[in-house]
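Just below is one structure, and these are the notes that go with it.
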Amino acid sequence: MKKIEAIIKPFKLDDVREALTDIGITGMTVTEVKGFGRQKGHTEVYRGAEYAVDFLPKVKIEVVLTDDLVERAIEIIQETARSGKIGDGKIFVYPVKEVIRIRTGETGEIAL
């Protein structure tokens with residue numbers, strides 16, 4: 001099993017969610033986050049004053065999958081979240097040692 005964390009632009013969330021659901025991914029966790037990478041934020045003007053926005057709004061999607069779905073899920077996230085502009089995001093993949101469903105006590109892949 002693997003955990004995929006994808007940091008993407010907020011307006012891409014619905015498209016990514018729908019695409020992952022279409023391949024049979026039944027659950028995910030979504031968190032609104034802020035951060036920056038190479039784009040290093042930007043400046044904005046508010047009421048005549050210019051100020052720096054160092055942390056840009058992003059969305060973090062977390063999904064735990066069986067090994068057979070991981071490569072396809074990564075491809076789908078890349079294809080769906082890509083705008084071709086700086087700041088499209090990152091995908092991180094981690095090994096998952098164990099999963100336990102709290103309600104039933106089921107463990108392993110059936111707990112997903």
Side-chain angles (χ1 to χ4, degrees):
M1 293 178 291
K2 300 277 191 290
K3 177 181 181 181
I4 296 175
E5 282 186 8
I7 311 294
I8 64 171
K9 292 181 175 181
F11 69 89
K12 292 288 191 172
L13 175 60
D14 287 337
D15 295 338
V16 171
R17 182 190 51 79
E18 287 177 22
L20 291 174
T21 301
D22 289 346
I23 65 163
I25 294 173
T26 58
M28 66 182 66
T29 301
V30 176
T31 310
E32 291 181 10
V33 295
K34 291 184 179 189
F36 68 91
R38 290 184 182 164
Q39 66 191 116
K40 306 217 184 344
H42 62 280
T43 59
E44 291 186 5
V45 177
Y46 179 71
R47 293 187 178 184
E50 187 173 304
Y51 63 98
V53 178
D54 295 328
F55 294 100
L56 300 171
K58 301 287 182 179
V59 173
K60 178 166 70 169
I61 300 171
E62 298 173 272
V63 183
V64 178
L65 307 168
T66 57
D67 290 332
D68 59 318
L69 285 175
V70 172
E71 290 303 319
R72 184 68 186 126
I74 291 169
E75 290 171 8
I76 284 174
I77 294 168
Q78 281 183 295
E79 292 168 8
T80 311
R82 180 180 295 128
S83 70
K85 297 178 182 164
I86 193 165
D88 276 348
K90 298 265 190 310
I91 299 171
F92 304 95
V93 182
Y94 307 96
V96 173
K97 183 177 176 183
E98 185 66 79
V99 176
I100 302 161
R101 180 172 291 151
I102 294 172
R103 179 177 54 86
T104 62
E106 293 171 310
T107 60
E109 291 182 4
I110 59 171
L112 294 177

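Quantities reported herein were computed from a predicted structural model and do not represent experimental measurements.
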Could you give all pairs that pass the side chain to side chain donor-acceptor pair (under 3.5 Å) test and reach residues 101-112, with sequence neighbours left out? Arg101-Glu106, Thr104-Glu106
From [X] [atom1] over to [Y] [atom2], what is the distance, rounded to the nearest 0.5 angstrom?
{"X": "Ile7", "Y": "Lys58", "atom1": "CD1", "atom2": "NZ", "result": "9.0 Å"}
{"X": "Ile74", "Y": "Ile4", "atom1": "CD1", "atom2": "CD1", "result": "4.5 Å"}
{"X": "Leu13", "Y": "Lys60", "atom1": "CG", "atom2": "NZ", "result": "14.0 Å"}
{"X": "Ile61", "Y": "Leu20", "atom1": "CD1", "atom2": "CG", "result": "6.5 Å"}
{"X": "Leu65", "Y": "Glu71", "atom1": "CG", "atom2": "CD", "result": "11.0 Å"}
{"X": "Ile25", "Y": "Leu69", "atom1": "CD1", "atom2": "CG", "result": "6.0 Å"}

Partners of Glu75 by side chain to side chain donor-acceptor pair (under 3.5 Å), sequence neighbours excluded? Arg72
Sorted by chain and number, sequence neighbours left out, side chain to side chain donor-acceptor pair (under 3.5 Å) with Arg17 holds for none
State which residues pass salt bridge (Lys or Arg N to Asp or Glu O under 4.0 Å) with Glu62; sequence neighbours excluded, sorted by chain then number. Lys3
Test of understanding: clusters of I, L, V, M, F, W, Y form through side-chain heavy atoms closer than 4.5 Å, transitively. Do Ile76 and Val70 belong to the same one? yes
Donor-acceptor pair, Lys12 side chain versus Val59 backbone, under 3.5 Å? no
Side chain Asp67, main chain Met1, donor-acceptor under 3.5 Å: yes
Please tabulate, one pair per line, all N/O donor-acceptor pairs under 3.5 Å involving side-chain atoms of residues 28-37, not counting sequence neighbours.
none

Take Thr80 and Asp15, measure what side chain to side chain donor-acceptor pair (under 3.5 Å) needs, and give me the verdict at the end. CA-CA 6 Å; Thr80 311; Asp15 295 338; over 6 Å; no
Using a 3.5 Å cut-off and no angle test, enumerate the donor-acceptor pairs between side-chain atoms of residues 91-98 and protein atoms at least two apart in sequence or in another chain.
residue, atom, partner, partner atom, Å
Glu98, OE2, Gly108, N, 3.0

Restricting to non-hydrogen atoms, name the atom on Pro10 and the atom on Pro57 that form the minimum distance, rounded to 0.1 Å. CD-O, 3.5 Å
What verdict does the side chain to side chain contact (heavy atoms under 4.5 Å, CB included) test give for Leu112 and Val64, after you've listed the backbone C-alpha separation in whole Å, the side-chain angles of each residue and the deciding distance to 0.1 Å? CA-CA 7 Å; Leu112 294 177; Val64 178; 3.6 Å; yes
